[in-house]
A.B. asks: 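Below are the structure tokens for one structure; questions will follow.
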Amino acid sequence: MNNKNFYITTTLPYVNAEPHIGHALEFVQADVLARYFRKKLGKENVFFNVGTDEHGLKIWRKAKEEGFEINDFVNKYANRFKDFCKLFFVSYDNFYRTSDPKHIESAKEFWRVCSENGDIYKKRYSGKYCVGCERFVTEKELIDGKCPEHGVAPEERNEENYFFRLSNYKEKLLEWLEKNPEVLKPSQKRDELKRIIQEIEDISISRLKENLPWGIEVPNDPEHVFYVWFDALTNYVNAVGFGEDKNKLEKWWPGVQIFGPDNLRFQGVIWQGMLASAGLKHSAKLLEHGMVLGADGRKMSKTLGNVISPFDQEQKFGAEVVRFYLLSGISTFSDSAYKEDDLLNLYNSRLANNFGNLLNRVIHLSNEKEVEINNEGALEENFKYEVDSRVSEIKSLFEDFEIALVSEKIDELANFGNKYITEKEPWKKEVTKDQCTNILNNLSYLLKKVIELYEPIIPESTQKALIALEKRERIILFKKI
RNA sequence: CGCGGGGUAGAGCAGUGGAAGCUCGUUAGGCUCAUAACCUAAAGGUCGUCGGUUCGAGUCCGACCCCCGCAACCA
């Protein structure tokens, strides 16, 4: 990424379950940024990657349990995620699948490069292995002999594994973070990242193929397969030409990575170490979004019965309303409770009453008064200045990835329009046609800006709004719920 | 002393050193072009507690109290 190009990628969800509301948050946040930068830099200068992580023991076992051929199983979920993207207007440029033969080649190439740089070695390892975590766990981590995360007793394993010399990069990563304090957002997480780096140890990056047939074979050692994380993480550069097209890679990498709180160690440390080993630049930006909590402010769980399904929400309110709420009502960088009441309040207040209503007022008045609108020549300087300065403030918030703040400021801009029209009272008989022309053109200009700024957030409605404004057709864009 | 996140108006949240803000709700008024929408005003906050740094702290430091997550469908 540089000033001319913008590359953003989500994490790749693991395909052992249905898409949930957290995936929706991450995908939709990334989508907003991709859409914003497409408008700013041009479509050809933005690359938005999403996809699915399809290897690993959990998936292998789940497929068997459900009586699926492994390929059918992962295809089913990959398609599920594709449908999910379509449903929520996630405009990806690339849907990356780690079962794709191209990925397999690129991941192997990544391994070779790290290996040539002396960062991969083989070591006999014995210990307790948690299938859920897909890693060896230490005695210290266990509670009552069980993995605290998955509640199952780990399996005894004694095997030879390949290790990645992450410890080689400890000092370099600390230095990188020190020199680039702005790389991680939100900044409050910086200390946590630093601590994780300080605790770096070499990591196991392979499994025996006899235990795990569903993985990528290690180059020149077919008895071993990649540990799923090592394979999956490479997608971020593979998607933009690693091991295949140097110019392409040069154009896009380093990129912006968006991920959830449980992923900081992987995106912020392991992956950065891998990049360094492969001689690639560190990520340009790490955006850690928050958790979507249940309506009660607690983490969603089946037992608590507070799980919110993105599909149910879509059925109930429509995709754009859900999108709008995820982006505006849910904090961009911290945990937030998902409450339907808040969703309704925010939708009614900001979209129906403020933006939608203003749009309708202006269109209606321009027809009543027979005044041409959408004419920038009839704009008042002061008004334009006010609107433009708000617009540039909002754009800089976009570029600082502050999506919820962006949404709030757009709302304020629309509200400024409602105040203005109330103050000017263009419906009054005493207002001359010239005055009315000025007032309504000021407002149509403001509305165009609001529409343009809202476009990344609610792409479909803004399209309709623009058409209505241009054709001066009355429209109930957002029906009050 | 396990690790981490958080405590800001009735509710939900924003606010990383310089006049306490947003949405909803409540009360009173205005307007009537508009989706019973819009505008104005008011009420409502010791920014968890105590101490410290500073000309100045919700914002930095220390101690303490309380809530939440680390069990899942894991972002």
Side-chain angles (χ1 to χ4, degrees), chain A residues 10-14 16-27 29-30 132 140-141 143 146-152 186-192 195-196 258-264 267 288-293 295-304 307-309 328-339 341-369 402 404-405 407-409 411-412 415 417-428 431 436 439-440 474-481:
Chain A
T10 61
T11 49
L12 304 189
Y14 206 60
N16 62 347
E18 287 289 302
H20 55 69
I21 197 81
H23 295 125
L25 177 71
E26 181 168 314
F27 280 42
Q29 282 192 353
K140 231 172 68 183
E141 289 176 274
I143 294 172
K146 290 177 180 173
C147 165
E149 204 169 317
H150 297 92
V152 286
S187 56
Q188 299 94 287
K189 301 277 182 177
R190 215 179 287 143
D191 287 347
E192 190 184 347
R195 195 171 321 113
I196 300 173
I258 188 165
F259 54 89
D262 46 354
N263 247 278
L264 184 60
Q267 313 300 329
E288 183 185 317
H289 63 248
M291 278 259 187
V292 181
L293 306 173
D296 52 3
R298 310 180 68 160
K299 201 168 175 179
M300 292 183 202
S301 81
K302 274 179 182 164
T303 43
L304 282 174
V307 175
I308 293 155
S309 147
S328 311
I330 297 288
S331 299
T332 309
F333 295 107
S334 58
D335 299 355
S336 298
Y338 189 107
K339 299 192 175 188
D341 282 353
D342 289 352
L343 175 147
L344 291 174
N345 279 341
L346 216 59
Y347 166 81
N348 283 329
S349 151
R350 292 194 185 177
L351 295 184
N353 298 347
N354 196 21
F355 171 41
N357 184 40
L358 180 66
L359 179 71
N360 215 24
R361 294 174 92 175
V362 171
I363 292 171
H364 182 71
L365 275 167
S366 82
N367 289 329
E368 289 281 294
K369 297 276 180 180
E402 293 285 357
L405 294 180
S407 180
E408 191 179 322
K409 292 289 175 190
D411 181 59
E412 283 177 19
N415 178 244
N418 269 314
K419 284 180 175 151
Y420 176 78
I421 196 171
T422 304
E423 187 198 328
K424 296 291 178 186
E425 303 178 306
W427 49 85
K428 289 225 161 137
V431 177
C436 199
I439 295 165
L440 293 182
R474 292 191 66 182
I475 185 175
I476 301 294
L477 194 56
F478 305 101
K479 217 174 166 164
K480 196 163 177 180
I481 306 177

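Keep in mind that this is a model prediction, so the values were computed, not measured. Any value given below was found using the heavy atoms of this structure, including those in side chains, with hydrogens, waters and symmetry copies removed. Naming: A, B, ... by sequence-line order, numbering from 1 per chain.
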A.B. asks: Of the nucleotides B:G4, B:C33, B:U35, which one has an atom closest to the side chain of A:R361?
C.D. replies: B:C33
A.B. asks: Given B:G12, B:C31, B:C22, which nucleotide is nearest the side-chain atoms of A:R350?
C.D. replies: B:C22
A.B. asks: Considering only side-chain heavy atoms of A:T11, which listed nucleotide, B:A75, B:C39, B:U32, is closest?
C.D. replies: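 Closest nucleotide to the A:T11 side chain: B:A75.
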A.B. asks: With sequence neighbours excluded, give me every salt bridge (Lys or Arg N to Asp or Glu O under 4.0 Å) pair touching residues 344-358 of chain A.
C.D. replies: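 Listed by first then second residue: A:R350-A:D411.
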A.B. asks: Rounding to the closest angstrom, what is the interatomic distance between B:G69 and B:G12 at atom P?
C.D. replies: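 16 Å, rounded to whole Å.
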A.B. asks: Classify the nucleic acid contact of A:S334 as base, sugar-phosphate or nothing, counting any heavy atom under 4.0 Å across all strands shown.
C.D. replies: sugar-phosphate
A.B. asks: Should A:N353 be listed as having a side-chain N or O under 4.0 Å from OP1 or OP2 of B:C38?
C.D. replies: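 Indeed, a polar side-chain atom of A:N353 lies that close.
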A.B. asks: Taking only N and O in the side chain of A:K480, is any of them less than 4.0 Å away from OP1 or OP2 of B:A37?
C.D. replies: yes
A.B. asks: Measuring only the P atom in each nucleotide, how far is B:C55 from B:G15? A whole number of Å is fine.
C.D. replies: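 Comparing P positions in B:C55 and B:G15 gives a spacing of 28 Å.
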A.B. asks: From the set B:C73, B:U35, B:U23, return the single nucleotide nearest to any side-chain atom of A:D411.
C.D. replies: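 Given the options B:C73, B:U35, B:U23, the side chain of A:D411 is closest to B:U23.
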A.B. asks: Look at all strands and tell whether A:P19 reaches a base, only sugar-phosphate, or nothing, counting heavy atoms closer than 4.0 Å.
C.D. replies: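 Nothing, no heavy atom under 4.0 Å.
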A.B. asks: How close or far is atom P of B:G5 from atom CZ of A:R195, stated in whole angstroms?
C.D. replies: 7 Å
A.B. asks: Counting side-chain heavy atoms from CB outward, which of B:U35, B:C24, B:C31 is closest to A:I476?
C.D. replies: B:U35
A.B. asks: Measuring only the P atom in each nucleotide, how far is B:C39 from B:G7? A whole number of Å is fine.
C.D. replies: 30 Å
A.B. asks: Between B:U46 and B:C50, how many Å separate the two P atoms, rounded to a whole number?
C.D. replies: 12 Å
A.B. asks: Paired with B:A37: which nucleotide, if any, by Watson-Crick or G-U wobble criteria at under 3.5 Å for both distances?
C.D. replies: none
A.B. asks: Indicate yes or no: at least one non-hydrogen side-chain atom of A:P186 is less than 4.5 angstrom from one of A:E288.
C.D. replies: yes
A.B. asks: Atom CG of A:L351 to atom P of B:U23: distance rounded to whole Å?
C.D. replies: 14 Å
A.B. asks: Pick the closest RNA chain B nucleotide for A:H23 and for A:E423 by heavy atoms, then say which residue is nearer the 5' end.
C.D. replies: A:E423
A.B. asks: Of the listed nucleotides (B:C22, B:C74, B:U32), which one gets closest to any side-chain atom of A:D262?
C.D. replies: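 Minimum distance to the A:D262 side chain belongs to B:C74.
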A.B. asks: Does A:E192 form a salt bridge (Lys or Arg N to Asp or Glu O under 4.0 Å) with A:R195? I'd like the steps, not just the answer.
C.D. replies: CA-CA 5 Å; A:E192 190 184 347; A:R195 195 171 321 113; over 6 Å; no
A.B. asks: With RNA chain B as reference, determine whether A:H289 or A:S336 sits nearer its 5' end, using the nearest nucleotide of each.
C.D. replies: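 Between the two, 5'-proximity favours A:S336.
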A.B. asks: Distance check, C1' atoms only: B:G10 and B:C3, in whole angstrom units.
C.D. replies: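 It works out to 35 Å between them.
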A.B. asks: Please work out which of the three classes, parallel, tilted or perpendicular, describes the rings of A:Y347 and A:F478, given edges at 30° and 60°.
C.D. replies: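 Aromatic pair A:F478/A:Y347 classed perpendicular.
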A.B. asks: If B:C64 has a Watson-Crick or G-U wobble mate with both distances under 3.5 Å, name it; if not, just say none.
C.D. replies: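 B:G48 is the nucleotide pairing with B:C64.
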A.B. asks: Considering every strand and a 4.0 Å limit on heavy-atom distances, what is the contact class for A:F27: base, sugar-phosphate, or nothing?
C.D. replies: nothing
A.B. asks: Rounding to an integer number of angstrom, what distance separates B:G45 and B:U8 when you compare their P atoms?
C.D. replies: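 The answer is 14 Å between these two P atoms.
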A.B. asks: Which nucleotide in the set B:C38, B:U23, B:U32 lies at the smallest distance from any side-chain heavy atom of A:L346?
C.D. replies: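 Side chain of A:L346 sits closest to B:U23.
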A.B. asks: Please evaluate the base of B:U16 for a donor-acceptor partner in the side chain of A:S187 within a cut-off of under 3.5 Å?
C.D. replies: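 In this structure, the two groups form a donor-acceptor pair.
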A.B. asks: Might you point out which heavy atoms bring A:L365 and A:P426 nearest each other, and give the distance in Å?
C.D. replies: CD1-CG, 3.9 Å
A.B. asks: For the side chain of A:M291, starting at C-beta, report the closest nucleotide among B:A14, B:A75, B:C73.
C.D. replies: B:A75
A.B. asks: Distance check, C1' atoms only: B:G21 and B:G44, in whole angstrom units.
C.D. replies: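 Roughly 14 Å separates the two C1' atoms.
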A.B. asks: Under a 3.5 Å limit for both distances, which nucleotide forms a Watson-Crick or G-U wobble pair with B:C13, could you say?
C.D. replies: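 When the pairing criteria are applied, B:G21 turns out to be the nucleotide that pairs with B:C13.
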A.B. asks: Between B:G18 and B:G5, how many Å separate the two P atoms, rounded to a whole number?
C.D. replies: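 Those two atoms are separated by 23 Å.
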A.B. asks: Of the nucleotides B:U23, B:C39, B:A34, which one has an atom closest to the side chain of A:K419?
C.D. replies: B:C39
A.B. asks: Can you tell me if A:H364 touches the phosphate of B:C33, counting only side-chain N or O atoms and a distance under 4.0 Å to OP1 or OP2?
C.D. replies: no
A.B. asks: Need one value for A:K369: base, sugar-phosphate or nothing, where a base atom within 4.0 Å counts as base even if backbone is also close, heavy atoms only.
C.D. replies: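 A:K369: no heavy atom of the nucleic acid under 4.0 Å.
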A.B. asks: Scan A:G290 against the nucleic acid and name what it touches under 4.0 Å (heavy atoms): base, sugar-phosphate only, or nothing.
C.D. replies: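 Base: the residue A:G290, judged by heavy atoms under 4.0 Å, touches a nucleobase.
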A.B. asks: Mind checking A:L405 for me? I need base, sugar-phosphate or nothing, with any heavy atom below 4.0 Å counting as a touch.
C.D. replies: sugar-phosphate
A.B. asks: With a 3.5 Å limit on both atom pairs, tell me what B:U53 is paired to, counting Watson-Crick and G-U wobble, or say none.
C.D. replies: none
A.B. asks: What's the closest nucleotide to the side chain of A:H20 if the choices are B:C39, B:A37, B:C73?
C.D. replies: B:C73
A.B. asks: Once salt bridge (Lys or Arg N to Asp or Glu O under 4.0 Å) is applied, what residue pairs with a partner in residues 16-27 of chain A remain, sequence neighbours excluded?
C.D. replies: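 Sorted pair list: A:E18-A:R80.
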A.B. asks: Could you let me know what B:C74 is paired to, Watson-Crick or G-U wobble, both distances under 3.5 Å, or none if it's on its own?
C.D. replies: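 Looking at the geometry, B:C74 pairs with no nucleotide.
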A.B. asks: If I compare all heavy atoms of A:C436 with all of A:K369, which pair ends up nearest, and what's the gap?
C.D. replies: SG-CG, 3.7 Å
A.B. asks: With both distances under 3.5 Å as the test, what is the Watson-Crick or G-U wobble partner of B:U26?
C.D. replies: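 Result: B:A42.
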A.B. asks: So what's B:U32 paired with, Watson-Crick or G-U wobble, going by both distances under 3.5 Å?
C.D. replies: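 Checking every strand shown, B:U32 finds no partner, since no pair has both distances under 3.5 Å.
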A.B. asks: Taking all atoms of both residues into account, what is the closest heavy-atom pair of A:N353 and A:N418, and its distance?
C.D. replies: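 Minimum heavy-atom separation between A:N353 and A:N418: O-ND2, 4.1 Å.
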A.B. asks: Tell me whether the side-chain N/O atoms of A:N415 come closer than 4.0 Å to OP1 or OP2 in B:C39.
C.D. replies: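 True: A:N415 side-chain N/O within range (under 4.0 Å) of B:C39 OP1/OP2.
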